[in-house]
Amino acid sequence: MEIVTSPVECRKKILSLTVEGKNIGFVPTMGALHQGHLELVRQAKLSCDFVVVSIFVNRTQFNSKEDFEKYPKTFDGDAAKLSQSGCDIVFAPSDSDMYPSTPEVKITFPQLQKSMEGYFRPGHFEGVALVVSKLLHAVPAQKAFFGRKDWQQVLIIKQLVKDLHFGTEIISVPTVREPDGLAMSSRNQRLSEKERSLAVIFSKSLFTARKKLLAGDSVVETVASVRQAFDRLPEVRLEYFEIADRETLEPVLSVESNTRVSLFIAGYVGGVRLIDNIFLQEETE
Ligand code: PAF
């Protein structure tokens, strides 16, 4: 496994591999790798000849300096995991490699970013779009793999790639969960033992809400019951729970005969912010 830091060198390598007829799969990450990331690498290996994983903690997508500084940075451990997972190149640029000067360009998604993560983390998706554009220039892959835990991000990246003709196919991979249901996330590493046991409320709320909706409860009743569950636990804070169309992200008022519904949740356990989502129709996940 090779480690490349220069975006220009990386692009040259990928383009020459492409000329040789290799099919490139790309897994962009911010490091602190867990089973969810390794599943993305596994999926990439299944359908591509050559797998590139990037590790870059992108400051422009953090809307809080403290959150950026506290984001776990574990490069050596990450590289060890990747070397055992079949990754061929780790692209690990420095901050100045990626941002040699302050960018002027700004990419926005007025429809897709107006709710949920876009609403509660102003500037987040501009930062994601900018860095993913830069990453796709450095790694012009045939396919790029992203986890469905960040579903709004998946939609935004699909739109970015379509609007700017990147020519990379975006593949979304189902969320990998801990045995109790908690979605795997690099942020889970920051939870204390007590917080870790409380964090299950996010996935539990989603699965309970899905059951209620499928049993015929209304959207209003379901939202109220999730809010009540959070109100009973002072250590956790609900930021949003939304039932929305999973392509447009518009809230839905009734789930009857609607096959594109997803449930989305975000909030805090102590100082750690967690997000999760599931499709209403389980079999489509
Ligand atoms: O999902 C992530 O880890 C990041 O948002 C991404 C796509 C690597 C961009 O920094």
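Please read these numbers as outputs of a predicted model, since none were measured by experiment. We number each residue from 1, following the sequence as shown. Atoms within each ligand, like the ligands themselves, are counted from 1 in listed order.
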Below 4.5 Å, heavy atoms only, C-beta onward: do [X] and [Y] meet side chain to side chain?
X: Gln189; Y: His34; result: no
X: Ile265; Y: Phe230; result: yes
X: Thr168; Y: Phe26; result: no

### Query
Got a salt bridge between Asp276 and Lys204, using NZ or NE/NH1/NH2 to carboxylate O under 4.0 Å?
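Result for this pair is no, no salt bridge flagged.
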### Query
Salt bridge between Glu250 and Arg260, side-chain N to carboxylate O under 4.0 Å?
no
State the atoms of ligand 1, each with its element, that fall below the 4.0 Å cut-off from a heavy-atom position in [X].
X: Pro28; value: 8 (C)
X: Val131; value: 9 (C), 10 (O)
X: Phe146; value: 7 (C)

### Query
To which of Arg59, His37, Gln61, Met98 does the heavy atom nearest atom 4 (C) of ligand 1 belong?
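Answer by nearest heavy atom: Gln61.
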### Closest approach of any protein heavy atom to atom 1 (O) of ligand 1, naming residue and atom
Gln153 NE2, 2.8 Å
### Query
Is it the side chain, the backbone, both or neither of Leu135 that has a heavy atom closer than 4.0 Å to ligand 1?
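No part of Leu135 comes within reach of ligand 1.
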